[in-house]
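Here is the structure we will look at, set down as C-alpha coordinates.
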Amino acid sequence: MKQGQAVLIVLLVAAVALGFGLSIISRSTTDVKISEQEDQASRAFNAAEAGIEAGLQNLAVGTYPLPPVAGITGQYSVTGVNVLKLETLSENDVATVVLGGANTLTVEWGEACPGTASLEIAVIDKDGNVKRDGINACTGYDNGLTDISTPGTDGYLRSRSVTVGVDDRLVRIRPIYSQTKLRVYGSIELPPQVYQVNSTAQATTLESKAINVTRTEPAAPAIFDYALFSGTNLVQ
(Lines give C-alpha, C1' and ligand atoms only; values in the text may rest on other atoms or scores of the structure.)
Protein backbone atom coordinates (compact mmCIF):
# COMPACT_ATOMS: atom_id res chain seq x y z
CA MET A 1 0.00 0.00 0.00
CA LYS A 2 2.78 2.35 0.92
CA GLN A 3 4.62 1.48 -2.28
CA GLY A 4 1.48 2.29 -4.29
CA GLN A 5 1.16 5.66 -2.54
CA ALA A 6 4.81 6.39 -3.23
CA VAL A 7 4.32 5.65 -6.91
CA LEU A 8 1.30 7.96 -7.05
CA ILE A 9 3.23 10.72 -5.33
CA VAL A 10 6.14 10.28 -7.74
CA LEU A 11 3.75 10.40 -10.70
CA LEU A 12 2.05 13.49 -9.31
CA VAL A 13 5.35 15.25 -8.76
CA ALA A 14 6.48 14.26 -12.25
CA ALA A 15 3.24 15.58 -13.75
CA VAL A 16 3.60 18.88 -11.90
CA ALA A 17 7.25 19.17 -12.93
CA LEU A 18 6.37 18.33 -16.53
CA GLY A 19 3.58 20.92 -16.59
CA PHE A 20 5.88 23.51 -15.04
CA GLY A 21 8.58 22.73 -17.58
CA LEU A 22 6.16 22.92 -20.51
CA SER A 23 4.90 26.25 -19.19
CA ILE A 24 8.44 27.62 -19.05
CA ILE A 25 9.16 26.37 -22.58
CA SER A 26 5.90 27.83 -23.88
CA ARG A 27 6.60 31.17 -22.22
CA SER A 28 10.16 31.20 -23.55
CA THR A 29 8.93 30.42 -27.04
CA THR A 30 6.32 33.17 -26.79
CA ASP A 31 8.90 35.64 -25.49
CA VAL A 32 11.23 34.79 -28.38
CA LYS A 33 8.40 35.22 -30.87
CA ILE A 34 7.35 38.55 -29.36
CA SER A 35 10.96 39.73 -29.33
CA GLU A 36 11.34 38.76 -32.98
CA GLN A 37 8.10 40.55 -33.89
CA GLU A 38 9.22 43.68 -32.04
CA ASP A 39 12.58 43.55 -33.80
CA GLN A 40 10.92 43.15 -37.21
CA ALA A 41 8.44 45.93 -36.43
CA SER A 42 11.33 48.21 -35.44
CA ARG A 43 13.21 47.37 -38.65
CA ALA A 44 10.07 47.98 -40.71
CA PHE A 45 9.53 51.35 -38.98
CA ASN A 46 13.15 52.34 -39.60
CA ALA A 47 12.81 51.37 -43.26
CA ALA A 48 9.61 53.42 -43.57
CA GLU A 49 11.40 56.39 -41.99
CA ALA A 50 14.22 55.99 -44.50
CA GLY A 51 11.62 56.20 -47.26
CA ILE A 52 10.26 59.43 -45.78
CA GLU A 53 13.76 60.92 -45.62
CA ALA A 54 14.43 59.93 -49.23
CA GLY A 55 11.14 61.47 -50.33
CA LEU A 56 11.80 64.74 -48.48
CA GLN A 57 15.25 65.00 -50.00
CA ASN A 58 14.00 64.56 -53.58
CA LEU A 59 10.43 65.97 -53.50
CA ALA A 60 9.96 64.45 -56.96
CA VAL A 61 6.40 63.29 -57.65
CA GLY A 62 6.26 59.52 -58.19
CA THR A 63 6.50 56.11 -56.50
CA TYR A 64 9.87 54.63 -55.56
CA PRO A 65 11.26 51.52 -53.82
CA LEU A 66 12.52 51.92 -50.26
CA PRO A 67 16.26 52.17 -49.64
CA PRO A 68 17.37 48.50 -49.44
CA VAL A 69 17.05 46.81 -46.04
CA ALA A 70 17.50 43.03 -45.71
CA GLY A 71 14.18 41.25 -45.19
CA ILE A 72 12.11 44.43 -45.70
CA THR A 73 9.96 45.29 -48.70
CA GLY A 74 7.97 48.44 -49.39
CA GLN A 75 7.82 51.71 -51.23
CA TYR A 76 7.39 55.44 -50.77
CA SER A 77 5.43 57.86 -52.91
CA VAL A 78 5.49 61.63 -53.34
CA THR A 79 2.37 63.45 -54.50
CA GLY A 80 1.99 67.15 -55.15
CA VAL A 81 -0.96 69.33 -54.13
CA ASN A 82 -1.52 72.34 -56.38
CA VAL A 83 -3.42 74.39 -53.79
CA LEU A 84 -1.67 76.01 -50.84
CA LYS A 85 -3.91 75.54 -47.81
CA LEU A 86 -2.82 76.40 -44.27
CA GLU A 87 -5.17 76.02 -41.32
CA THR A 88 -3.03 78.38 -39.26
CA LEU A 89 -0.48 80.92 -40.49
CA SER A 90 0.94 82.80 -37.52
CA GLU A 91 1.24 86.58 -37.41
CA ASN A 92 4.33 87.76 -39.34
CA ASP A 93 5.11 84.27 -40.62
CA VAL A 94 5.24 83.91 -44.40
CA ALA A 95 3.52 81.54 -46.81
CA THR A 96 5.28 81.16 -50.17
CA VAL A 97 3.48 80.38 -53.43
CA VAL A 98 5.65 79.01 -56.24
CA LEU A 99 4.61 80.26 -59.66
CA GLY A 100 4.80 78.51 -63.02
CA GLY A 101 3.97 81.34 -65.43
CA ALA A 102 1.31 83.99 -65.97
CA ASN A 103 -1.70 83.33 -63.79
CA THR A 104 -4.43 84.85 -61.67
CA LEU A 105 -4.25 83.76 -58.05
CA THR A 106 -7.16 83.70 -55.65
CA VAL A 107 -6.08 84.42 -52.09
CA GLU A 108 -8.71 83.55 -49.47
CA TRP A 109 -8.23 84.09 -45.74
CA GLY A 110 -9.83 84.94 -42.43
CA GLU A 111 -12.91 83.87 -40.51
CA ALA A 112 -14.75 86.81 -38.94
CA CYS A 113 -14.42 90.49 -38.10
CA PRO A 114 -13.06 91.85 -35.88
CA GLY A 115 -9.84 89.96 -35.38
CA THR A 116 -9.07 88.70 -38.88
CA ALA A 117 -5.55 89.41 -40.05
CA SER A 118 -4.62 91.94 -42.70
CA LEU A 119 -2.26 90.66 -45.38
CA GLU A 120 0.92 91.85 -47.03
CA ILE A 121 1.24 90.23 -50.46
CA ALA A 122 4.63 90.48 -52.20
CA VAL A 123 5.13 89.37 -55.83
CA ILE A 124 8.78 88.69 -56.68
CA ASP A 125 10.01 88.43 -60.26
CA LYS A 126 13.03 86.62 -61.75
CA ASP A 127 15.27 89.66 -61.18
CA GLY A 128 14.35 89.97 -57.52
CA ASN A 129 12.08 92.98 -58.00
CA VAL A 130 9.21 93.09 -55.49
CA LYS A 131 5.66 94.44 -55.88
CA ARG A 132 3.79 94.75 -52.59
CA ASP A 133 0.10 94.96 -51.83
CA GLY A 134 -1.35 95.55 -48.35
CA ILE A 135 -5.00 94.67 -47.68
CA ASN A 136 -7.37 94.71 -44.72
CA ALA A 137 -10.09 92.10 -44.27
CA CYS A 138 -11.90 94.28 -41.73
CA THR A 139 -12.58 98.02 -41.89
CA GLY A 140 -11.64 100.62 -39.33
CA TYR A 141 -7.84 100.40 -39.54
CA ASP A 142 -5.95 103.66 -40.13
CA ASN A 143 -2.90 101.94 -41.60
CA GLY A 144 -2.78 102.95 -45.25
CA LEU A 145 -3.76 99.47 -46.48
CA THR A 146 -6.66 98.78 -48.84
CA ASP A 147 -9.93 97.57 -47.32
CA ILE A 148 -11.28 94.44 -49.04
CA SER A 149 -14.96 93.43 -48.96
CA THR A 150 -15.02 90.62 -51.54
CA PRO A 151 -16.27 87.52 -49.69
CA GLY A 152 -14.39 84.24 -49.80
CA THR A 153 -15.86 80.78 -50.23
CA ASP A 154 -15.94 77.60 -48.13
CA GLY A 155 -15.88 79.54 -44.87
CA TYR A 156 -13.11 82.01 -45.75
CA LEU A 157 -14.00 85.59 -44.90
CA ARG A 158 -12.28 87.49 -47.72
CA SER A 159 -10.94 86.90 -51.22
CA ARG A 160 -8.34 88.80 -53.25
CA SER A 161 -7.31 88.26 -56.88
CA VAL A 162 -3.60 88.68 -57.63
CA THR A 163 -2.41 88.85 -61.24
CA VAL A 164 1.11 87.54 -61.85
CA GLY A 165 3.15 87.76 -65.03
CA VAL A 166 5.31 85.30 -66.92
CA ASP A 167 8.48 86.68 -65.28
CA ASP A 168 7.13 86.46 -61.73
CA ARG A 169 8.51 83.60 -59.68
CA LEU A 170 7.15 83.76 -56.12
CA VAL A 171 4.35 85.25 -54.08
CA ARG A 172 4.97 85.68 -50.36
CA ILE A 173 1.99 86.32 -48.06
CA ARG A 174 2.37 87.63 -44.52
CA PRO A 175 -0.53 88.05 -42.03
CA ILE A 176 -0.46 91.25 -39.98
CA TYR A 177 -2.02 91.86 -36.54
CA SER A 178 -3.22 88.28 -36.11
CA GLN A 179 -2.87 84.71 -37.29
CA THR A 180 -5.15 83.47 -40.05
CA LYS A 181 -6.14 80.50 -42.12
CA LEU A 182 -5.19 80.77 -45.78
CA ARG A 183 -5.93 79.20 -49.14
CA VAL A 184 -4.30 80.11 -52.48
CA TYR A 185 -5.05 78.62 -55.90
CA GLY A 186 -4.68 79.69 -59.53
CA SER A 187 -7.02 80.09 -62.48
CA ILE A 188 -4.39 77.91 -64.19
CA GLU A 189 -3.19 74.98 -62.11
CA LEU A 190 -0.15 75.97 -60.05
CA PRO A 191 2.98 73.85 -59.64
CA PRO A 192 2.91 71.67 -56.51
CA GLN A 193 2.70 73.86 -53.41
CA VAL A 194 2.51 71.06 -50.84
CA TYR A 195 4.05 67.60 -51.00
CA GLN A 196 2.62 64.51 -49.33
CA VAL A 197 5.14 61.72 -48.71
CA ASN A 198 3.74 58.27 -47.88
CA SER A 199 6.06 55.40 -46.94
CA THR A 200 5.15 51.76 -46.20
CA ALA A 201 7.40 48.87 -45.19
CA GLN A 202 6.71 45.19 -44.44
CA ALA A 203 8.92 42.59 -42.79
CA THR A 204 9.01 38.87 -43.63
CA THR A 205 6.98 38.26 -40.45
CA LEU A 206 4.24 40.46 -41.98
CA GLU A 207 4.91 43.24 -39.47
CA SER A 208 4.18 46.44 -41.39
CA LYS A 209 4.55 50.17 -40.76
CA ALA A 210 3.23 53.22 -42.62
CA ILE A 211 4.29 56.85 -42.19
CA ASN A 212 2.75 59.96 -43.80
CA VAL A 213 4.36 63.40 -43.88
CA THR A 214 3.17 66.67 -45.44
CA ARG A 215 5.65 69.38 -46.39
CA THR A 216 5.24 72.76 -48.05
CA GLU A 217 7.62 73.96 -50.74
CA PRO A 218 10.95 74.98 -49.13
CA ALA A 219 11.16 78.77 -48.76
CA ALA A 220 13.27 81.44 -47.15
CA PRO A 221 12.20 82.32 -43.59
CA ALA A 222 10.26 85.50 -42.88
CA ILE A 223 13.33 87.37 -41.59
CA PHE A 224 14.73 87.47 -45.14
CA ASP A 225 12.00 89.91 -46.14
CA TYR A 226 13.72 92.46 -43.91
CA ALA A 227 17.20 91.90 -45.33
CA LEU A 228 18.96 94.61 -47.34
CA PHE A 229 20.83 93.51 -50.46
CA SER A 230 23.35 95.57 -52.38
CA GLY A 231 25.66 94.93 -55.32
CA THR A 232 28.35 97.11 -53.72
CA ASN A 233 29.65 97.72 -50.22
CA LEU A 234 27.14 99.13 -47.78
CA VAL A 235 27.78 102.63 -46.46
CA GLN A 236 26.30 103.60 -43.12
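All values derive from a computational prediction rather than experimental measurement.
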Rounding to 0.5 Å, atoms CD (Gln196) and OG (Ser77) come to a distance of 9.0 Å
Are side-chain heavy atoms of Tyr76 and Thr63 found at a separation under 4.5 Å? no
Should Leu59 and Val98 be counted in the same cluster of Ile, Leu, Val, Met, Phe, Trp and Tyr side chains packed under 4.5 Å apart? no
Minimum-distance pair of heavy atoms, taken over all atoms of Ala122 and Arg132: CB-NH1, 3.8 Å
Are any side-chain N or O atoms of Ser199 and backbone N or O atoms of Ala48, one a donor and one an acceptor, separated by less than 3.5 Å? yes
Under the disulfide (SG to SG under 2.5 Å) definition, can you give me all pairs with a residue in residues 161-203, not counting sequence neighbours? none
Could you tell me if the side chain of Thr106 sits less than 4.5 Å from the side chain of Ser159, heavy atoms only? yes
Could you walk me through whether Ile124 and Arg172 pass the side-chain contact (heavy atoms from CB on, under 4.5 Å) check? CA-CA 8 Å; Ile124 306 171; Arg172 287 170 65 83; 3.7 Å; yes
Distance in Å, Gln179 CD paired with Glu87 CD, rounded so as to fall on 0.5 Å steps: 11.0 Å
Taking Asn58 for its side chain and Ala60 for its backbone only, find out whether a donor-acceptor pair lies under 3.5 Å. no
If you count every heavy atom of other residues, nucleotides or ligands that lies below 6.0 Å from Tyr185 atom OH, does the total exceed 12? yes
Between Ser178 (side chain only) and Gly115 (backbone N and O only), is there a donor and an acceptor less than 3.5 Å apart? yes
Smallest heavy-atom separation, Asn82 atom then Pro191 atom, equals ND2-C, 3.6 Å
Output every pair passing disulfide (SG to SG under 2.5 Å) with a member in residues 122-222, not counting sequence neighbours, ordered by first then second residue. Cys113-Cys138
Would you call Glu120 and Ile176 a side-chain contact if the rule is heavy atoms closer than 4.5 Å? yes
To the nearest 0.5 Å, atom CG of Asn103 lies from atom CG of Asp168 at 10.5 Å
Using side chain to side chain donor-acceptor pair (under 3.5 Å) as the criterion, list what pairs up with Asp133, not counting sequence neighbours. Arg160
ILVMFWY clustering at 4.5 Å (side-chain atoms), partners of Leu89: Val81, Leu84, Leu86, Val97, Leu99, Leu105, Val107, Trp109, Leu119, Ile121, Val123, Ile135, Ile148, Val162, Val164, Val171, Ile173, Leu182, Val184, Leu190, Val194
Side chains of Glu49 and Ile211: closer than 4.5 Å at any heavy-atom pair? yes
Return the minimal non-hydrogen interatomic distance between Gly80 and Pro192, and the atom names on each side. CA-CB, 3.9 Å
Heavy-atom pair of closest approach, residues Ala203 and Gln40: CB-OE1, 3.2 Å
Can you name the side chain to side chain donor-acceptor pair (under 3.5 Å) partners of Ser118, sequence neighbours left out? Asn136
Val213 and Phe45: same hydrophobic cluster, using ILVMFWY side-chain contacts below 4.5 Å? yes
Step by step, work out the side-chain contact (heavy atoms from CB on, under 4.5 Å) result for Arg169 and Asp125. CA-CA 5 Å; Arg169 295 292 182 264; Asp125 68 15; 5.9 Å; no
When rounded to the nearest 0.5 Å, the distance separating CG of Asp167 from NZ of Lys126 is 5.0 Å
First locate atom CZ of Arg215, then atom CG of Leu56, and finally report the distance between them rounded to the nearest 0.5 Å. 5.5 Å
So, Asp147 versus Tyr141: side-chain donor-acceptor pair below 3.5 Å or not? no
side-chain contact (heavy atoms from CB on, under 4.5 Å) between Arg174 and Asp93, intermediate numbers included: CA-CA 6 Å; Arg174 179 198 308 275; Asp93 278 353; over 6 Å; no
For a quick test of reading the model, state the closest non-hydrogen atom pair linking Ala201 to Ala44 and the distance between them. CB-O, 3.3 Å
Output, in order, the C-alpha distance, side-chain angles, deciding distance and verdict of side-chain contact (heavy atoms from CB on, under 4.5 Å) for Arg43 and Val69. CA-CA 8 Å; Arg43 295 178 71 245; Val69 177; 3.7 Å; yes
Spatial distance of atom CD1 (Ile52) from atom CG (Asn212) [nearest 0.5 Å]: 6.5 Å
Under the side chain to side chain donor-acceptor pair (under 3.5 Å) test, residues paired with Thr153 that sit two or more places apart: Glu108, Arg183
Are the side chains of Glu111 and Lys181 in touch, meaning some heavy atoms are under 4.5 Å apart? yes
Which heavy atom of Thr180 sits nearest a heavy atom of Pro175, and at what distance? CG2-CB, 3.9 Å
